[in-house]
Amino acid sequence: MIKFEKFKLDNGLTVIVHQDKSTPIACINILYDVGARDENPEQTGFAHLFEHLMFGGSANVSNFDEPLQRVGGENNAFTTNDITNYYLTLPADNLETGFWLESDRMMNLAFSEKSLEVQRNVVIEEFKQRYLNQPYGDVWLLLRPLAYKVHPYKWDTIGKEISHIENAKMDDVKNFFKKFYTPDNAIMVVAGNVDLGNVKQLTEKWFAPIPKGKKEERKLPAEPFQTEARTLTVERDVPLDAIYKVYHMCSRFDKEYYSVDLLSDILSQGNSSRLHNELIKEKKIFSEIHAFVMGDMDKGLFVISGKLTKGVDLMLANESIEFVLDKFKNELVSEKELTKVKNKSEATHIFGEIDVLSKATNLAISELMGDAEIINHETEKYLAVSAEEIRQQANIIFRKQNCSTLFYKSTNN
């Protein structure tokens with residue numbers, strides 16, 4: 001059980017405080033309710049560009065990292081299709097330094113042509129290195145528009161194409177910041193060796209002067225029901241053939257999410273999992289194979305990805321995956337199998353409560369989902385999943401007409 005207090009400033013900033021006296025450090029996690037799904041389809045990659053720009057300095061701090069490192073702190077961030085999350089850890093005695101830095105960039109981010117040019121080049125280089133020049137790097141650039149035709153999940157966080165970042169104008173960047181990087185669009189979690197009264201005082205001092213934004217209701221187009229199987233075949237200079245299969249599924253908010261997540265664990269968590277056992281150990285069709293859920297805030301994807309053993313036919317490999325999946329539609333998973341993945345899920349959750357940074361991030365995400373208290377009930381929701389619920393979800397998800405398949409052929413065969 002993670003205990004916390006919660007309060008809200010007049011400008012809309014939600015603040016969650018979790019005290020943990022067992023650690024000498026403190027953590028500040030600020031989650032902005034903006035991700036790649038909120039971008040203009042003609043200006044994609046902006047949320048990720050901002051992840052970089054937010055470290056480029058503010059009006060009063062030319063280098064975000066330097067004052068933090070001087071007091072023994074460190075920081076980082078990540079962007080998804082749903083959120084942008086910034087976090088820092090530092091000795092608890094130096095907590096105010098973190099408040100100063102985070103509030104200053106929320107209120108006074110420096111919009112210099114130099115900073116924009118530097119970060120633009122960093123992002124363009126990342127696009128080339130990680131997505132275009134790395135083996136299998138372009139998989140999600142191909143899969144997303146195959147699976148999504150309407151919803152903005154159809155592009156990756158890096159963006160649809162490099163030109164969108166290359167052509168980003170200063171006014172476009174400023175407008176994006178003004179729209180999303182506001183206190184009423186943020187959740188701040190302060191965790192570690194901290195005191196509620198002190199956190200309230202520091203929050204009032206550093207964040208209360210920041211003006212409220214104009215938070216708009218998110219109106220994203222819903223993805224139509226997929227009614228036919230989709231396939232795409234590409235050839236690339238990679239070591240092995242690969243298959244990527246994605247199925248539409250529920251969102252992270254839906255009660256069915258827990259049974260679908262456990263289903264992915266039964267399929268590929270550990271060496272005794274179904275896919276590993278049948279398709280790697282026994283039939284030797286794949287050299288590696290994985291199943292996982294995206295955990296998206298809107299309706300997401302159930303993903304199966306595998307690299308084939310050299311010489312195996314792609315169609316045979318595809319059929320072998322579908323054969324394993326079809327078993328879930330007709331047979332209930334055994335009590336032993338279900339108990340094992342539930343125990344692993346519970347252990348993962350408990351382990352996630354040890355690290356103060358993990359607690360801070362998970363509290364912020366839970367609050368975004370509706371209430372930070374969700375974090376304390378996740379385990380019981382996993383433990384309550386029945387074998388019948390898993391079978392029901394398998395029948396809903398693992399239909400051929402609900403699947404988009406990318407056949408990724410090696411030119412080296």
Side-chain angles (χ1 to χ4, degrees), residues 131 134-144 146-147 226 228-249 259-295 300-334 336-338 340-341 344-345 387 390-391 393-413:
Y131 294 83
Q134 189 167 302
Y136 311 100
D138 64 347
V139 164
W140 283 103
L141 300 182
L142 299 166
L143 264 179
R144 284 189 175 277
L146 186 64
Q226 186 172 329
E228 57 182 10
R230 299 172 188 154
T231 61
L232 174 66
T233 303
V234 297
E235 291 193 352
R236 297 285 188 269
D237 181 14
V238 292
L240 298 166
D241 287 345
I243 292 178
Y244 301 88
K245 297 179 77 65
V246 294
Y247 296 84
H248 291 280
M249 59 169 278
S259 49
V260 181
D261 195 20
L262 286 180
L263 172 53
S264 74
D265 289 346
I266 292 167
L267 273 168
S268 86
Q269 191 181 68
N271 290 344
S272 60
S273 61
R274 296 265 187 114
L275 288 171
H276 191 276
N277 234 345
E278 294 188 35
L279 305 187
I280 295 179
K281 274 205 282 203
E282 289 176 18
K283 295 180 179 171
K284 297 181 171 49
I285 292 172
F286 287 87
S287 58
E288 62 174 87
I289 189 161
H290 309 280
F292 57 94
V293 296
M294 297 294 282
L301 296 175
F302 190 108
V303 185
I304 294 173
S305 65
K307 293 188 176 71
L308 279 64
T309 304
K310 218 168 180 65
V312 172
D313 179 68
L314 268 167
M315 293 306 124
L316 170 71
N318 186 52
E319 285 166 17
S320 72
I321 293 173
E322 291 178 348
F323 180 75
V324 173
L325 300 184
D326 282 345
K327 285 184 185 176
F328 285 92
K329 297 182 191 179
N330 307 311
E331 304 166 10
L332 291 176
V333 298
S334 71
K336 182 183 175 187
E337 209 171 11
L338 186 53
K340 189 173 78 173
V341 291
K344 281 187 178 177
S345 172
I390 287 178
R391 192 178 70 83
Q393 286 305 305
N395 277 281
I396 291 168
I397 296 168
F398 299 146
R399 293 172 296 106
K400 288 191 177 182
Q401 62 268 38
N402 187 41
C403 184
S404 298
T405 305
L406 172 62
F407 294 109
Y408 206 93
K409 295 180 76 170
S410 167
T411 54
N412 296 321
N413 282 352

Close side-chain approach of Ile396 to Tyr247, heavy-atom, < 4.5 Å:
no

Can Ser404 and Leu146 be said to form a side-chain contact (heavy atoms from CB on, under 4.5 Å), step by step?
CA-CA 7 Å; Ser404 298; Leu146 186 64; 3.9 Å; yes

Please walk me through it: do Thr309 and Lys284 pass side-chain hydrogen bond (donor to acceptor under 3.5 Å, both in side chains)?
CA-CA 7 Å; Thr309 304; Lys284 297 181 171 49; over 6 Å; no

State, yes or no, whether a side-chain contact exists between Tyr408 and Leu314 at a heavy-atom distance under 4.5 Å.
no

State, yes or no, whether a side-chain contact exists between Val260 and Ile390 at a heavy-atom distance under 4.5 Å.
no

If you take all heavy atoms of Ile289 and Ser268, which pair is closest and at what distance?
O-CB, 4.3 Å

Any side-chain heavy-atom pair of Ile285 and Ile321 under 4.5 Å
no

Tell me if a side-chain donor or acceptor on Thr405 pairs with a main-chain N or O of Lys245 at a distance below 3.5 Å.
no

Are Phe292 and Phe302, when compared by the centres of their aromatic rings, separated by less than 6.0 Å?
no

To the nearest 0.5 Å, how far apart are CD in Gln393 and OG in Ser264?
12.0 Å

Pairs in or reaching into residues 397-413: which pass salt bridge (Lys or Arg N to Asp or Glu O under 4.0 Å), with residues at least two apart or in two chains?
Glu322-Lys400

Specify the closest pair of heavy atoms between Ile304 and Ala291, including all atoms of both residues, with the distance to one decimal.
CG1-CB, 4.1 Å

Could you give the distance from CG (Leu279) to CZ (Phe286), rounded to the nearest 0.5 Å?
6.0 Å

Distance-only polar pair, side chains of Asn271 and Lys281, donor-acceptor under 3.5 Å
no

Please, which pairs that meet side chain to side chain donor-acceptor pair (under 3.5 Å) have at least one residue in residues 234-243, sequence neighbours excluded?
Asp138-Arg236, Asp237-Asn412, Asp241-Asn413

Quick one about Lys340 and Ser272 (side-chain donor to acceptor, distance below 3.5 Å, no hydrogens or angles considered), yes or no?
yes

Glu282, CD atom: more than 12 neighbouring heavy atoms under 6.0 Å
yes

Out of curiosity, Trp140 CH2 to Met294 CE, how far, rounded to the nearest 0.5 Å?
4.0 Å

With distance as the sole criterion, is a donor-acceptor pair present between the side chains of Lys307 and Ser287 under 3.5 Å?
no

Atom pair CG (Asn395) and CG (Asn330), whose distance is rounded to the nearest 0.5 Å
7.0 Å

After noting the C-alpha distance and the side-chain angles of Leu232 and Val234, does the key distance pass the side-chain contact (heavy atoms from CB on, under 4.5 Å) rule?
CA-CA 7 Å; Leu232 174 66; Val234 297; 4.2 Å; yes

Grab the two heavy atoms, one from Asn402 and one from His248, that are nearest each other, plus how far apart they are.
ND2-O, 3.0 Å

Give, for atom CD1 of Ile243 and atom OG of Ser320, the distance between the pair rounded to the nearest 0.5 Å.
7.0 Å

Report yes if the side chains of Leu406 and Thr233 come closer than 4.5 Å at any heavy-atom pair, otherwise no.
no

Sorted by chain and number, sequence neighbours left out, side chain to side chain contact (heavy atoms under 4.5 Å, CB included) with Phe323 holds for Lys283, Lys327

Can you see which heavy atom on Arg230 is nearest to which on Gln226, and at what distance?
NH1-OE1, 3.4 Å

Show your reasoning for whether side-chain contact (heavy atoms from CB on, under 4.5 Å) applies to Leu240 and Lys310.
CA-CA 6 Å; Leu240 298 166; Lys310 218 168 180 65; 4.2 Å; yes

Flag side-chain contact, heavy atom, 4.5 Å: Met315 against Phe407:
yes

Determine the minimum heavy-atom distance between Ile280 and Glu288, stating which atoms define it.
CD1-CA, 3.7 Å

Answer whether the closest heavy-atom distance between the side chains of Glu337 and Arg274 falls below 4.5 Å.
yes

Set out, in order, the CA-CA distance, both residues' side-chain angles and the distance that settles side-chain contact (heavy atoms from CB on, under 4.5 Å) for Leu267 and Phe328, then state yes or no.
CA-CA 10 Å; Leu267 273 168; Phe328 285 92; 3.5 Å; yes

Give the minimum heavy-atom separation between Ala317 and Leu308, together with the two atoms involved.
CB-CD2, 3.7 Å

Does a side-chain heavy-atom distance below 4.5 Å link Lys329 with Phe398?
yes

